[in-house]
Amino acid sequence: MLRLLTGSEPVYISCDKNLGFTKIMALCSISRLLSSSIRLQNPKFSTVRSTAASSADIFFNHLQKNGGNIEKTLVTVKAQVDSKCVSGVLYRCYPSQSQMGLRFFIWAGLQSDYRHTSYMYSKACNFYKITQNPKLLYDVIEAYRAERCSVTVKTFKVILNLYKEAKLADEALWVLRKMPEFGLRADTTMYNVVIRLFCVKGDMDVAESLMKTMSLIDLYPDMITYVEMVKGLCNVGRLEDAFGLFKVMKEHGCLPSTVLYSVLLDGICKFGNTEKAMDLLKEMEKEGGSCSPNVVTYTSVIQRFCEKGQTLEALEVLDQMEAYGCSPNRVTVGCLIERFCVEGRVEEVYRLFDKVVKGGGVSYGECYSSLVVCLKRSRNTEEAEKVFRKMLTSGLKPDGLACSIMIKELCLVGRVLDGYQLFDEIEKIGYLISIDSDVYSLLLVGLCEQSHSVEAKTLARLMLKKRIRLKAPYSDSIGEILKKSGEEELVNHLTAI
DNA sequence: CTAGGGTTAG
């Protein structure tokens with residue numbers, strides 16, 4: 001612990017290992033900066049608490065009063081279910097009422113006017129630590145049975161999606177097996193989820209037996225099932241079996257899609273021989289229609305060649321791609337840039353840029369941004385900075401990642417003012433839209449550390465204007481200090497924007 | 001459902 005004097009009251013700051021003394025002093029000066037100048041210029045900051053918390057409160061209070069079969073009475077609650085409300089209830093129930101929280105989550109997922117986004121699933125999964133505590137959902141299902149709750153296929157889908165998010169293959173399979181006990185039957189989509197989990201795990205025996213089970217209960221594997229299976233089989237090196245599945249499908253009169261072809265092609269590139277891969281690509285081109293190779297198809301082939309160091313072959317595929325009328329995109333170019341950088345042939349990328357930009361699938365700005373990222377990644381920071389500055393002077397728009405990387409790098413090596421100037425320049429030409437928000441915090445702390453108070457003040461003002469919150473690990477420490485010096489409202493604003 | 005940029009530190 002460290003005792004600091006700010007104003008009349010001593011302030012104690014927990015001093016974690018990331019926070020040296022100079023940093024703490026810097027944070028204190030931010031505190032002073034923000035409190036002295038900014039607050040006065042922005043009198044509206046005093047009331048920032050939102051009123052939208054109430055819907056979660058209504059549901060939570062209802063849950064507290066009505067134990068047991070909560071789903072029955074939840075219908076009577078007159079409140080809107082939305083994602084804010086759902087996460088609100090999740091937070092209130094954790095950790096002492098986890099089961100209730102999850103039951104509410106499942107119930108909410110069944111409402112016709114609301115659908116959990118994948119973000120909500122990951123939120124619920126991470127917050128309740130489903131991966132570490134899969135039993136929580138077991139218990140929910142057992143509670144449904146004990147209380148004779150009415151459950152539907154959709155109920156199980158929500159639970160399955162939580163296990164999917166938690167990457168728990170065995171538990172997901174358990175959900176499928178549990179359904180008949182409730183008189184319910186899983187559909188193809190649910191099988192696909194479980195098959196995918198086992199494919200990712202590399203447990204292809206279970207995945208295969210699941211696919212067999214499907215036909216036994218009159219369910220048909222769809223294109224998604226095949227894609228997952230082919231990918232899984234390729235990944236464990238069972239190329240022949242992947243090919244076999246592909247052929248069986250064709251024999252059944254089911255035409256493989258571009259995606260399926262691409263997955264198989266990618267597998268052959270990775271583990272098979274090049275000739276066979278190129279034959280398959282030709283076959284796709286000839287077949288055309290729903291089998292036509294697309295950007296992804298070509299890009300993955302190019303990428304595999306690059307990985308193997310076969311730059312020439314990769315470039316030939318690029319030609320083949322363009323001849324077929326398919327435009328390379330940012331990802332395609334990215335692979336090739338990386339390859340050129342690795343080989344120390346950086347000068348050659350500019351000719352590549354001219355070529356691919358003509359296709360219309362990617363711009364010079366994107367090409368140069370990729371180059372900056374690539375150079376930085378191969379520790380060629382000096383060159384990266386050169387390219388980046390060249391972009392700015394020639395009016396090319398750097399993308400968010402290139403900006404973030406460049407500014408962060410400058411801060412990291414102590415050239416905070418340079419970083420700020422770059423930032424300022426990009427901001428002035430209006431190119432700063434998609435920059436990482438933690439870049440702002442990094443810059444702000446750096447500027448304070450090096451006592452560039454004018455710039456720090458300007459930046460802080462800009463952050464408030466743009467409603468950019470302070471990022472961890474700075475937000476906590478800055479927040480602490482601000483709060484202890486009585487700047488609670490300001491903290492609310494900067495951290496809870 | 002197929003390709004897929006970066007993170008610092010001892």
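A, B, ... follow the sequence lines: proteins, then strands. Residue 1 opens every chain.
Using a 4.0 Å heavy-atom cutoff across all strands shown, A:Thr299 reaches at least one base atom of the nucleic acid. Within the nucleic acid shown, A:Arg330 comes within 4.0 Å of at least one base atom, counting heavy atoms only. Note on A:Asp222: nothing from the nucleic acid sits closer than 4.0 angstrom, heavy atoms only. Backbone-only contact: A:Gln303 has heavy atoms under 4.0 Å from sugar-phosphate atoms and none from a base. Note on A:Thr332: nothing from the nucleic acid sits closer than 4.0 angstrom, heavy atoms only. Across all strands, A:Asn192 comes closer than 4.0 Å to no nucleic acid atom at all (heavy-atom distances). Using a 4.0 Å heavy-atom criterion, one finds that A:Val331 contacts the bases of the nucleic acid, with or without backbone contacts as well.
Ion pair A:Arg304/A:Glu307 flagged as a salt bridge, since at least one NZ, NE, NH1 or NH2 atom sits closer than 4.0 Å to an Asp/Glu carboxylate oxygen. A salt bridge does not link A:Glu313 with A:Lys308: every distance from a Lys NZ or Arg NE/NH1/NH2 to an Asp or Glu carboxylate oxygen is 4.0 Å or more.
At a cut-off of 3.5 angstrom, counting only N and O atoms as typed in the model, there is no donor on one side facing an acceptor on the other between the side-chain of A:Asp266 and the base of B:dA3.
A:Tyr364 and A:Tyr368 have tilted rings, their planes meeting at an angle from 30° to 60° on a 0 to 90° scale.
Under a cutoff of 6.0 Å and an axis angle of 45°, A:Lys390 and A:Tyr350 form a cation-pi pair.
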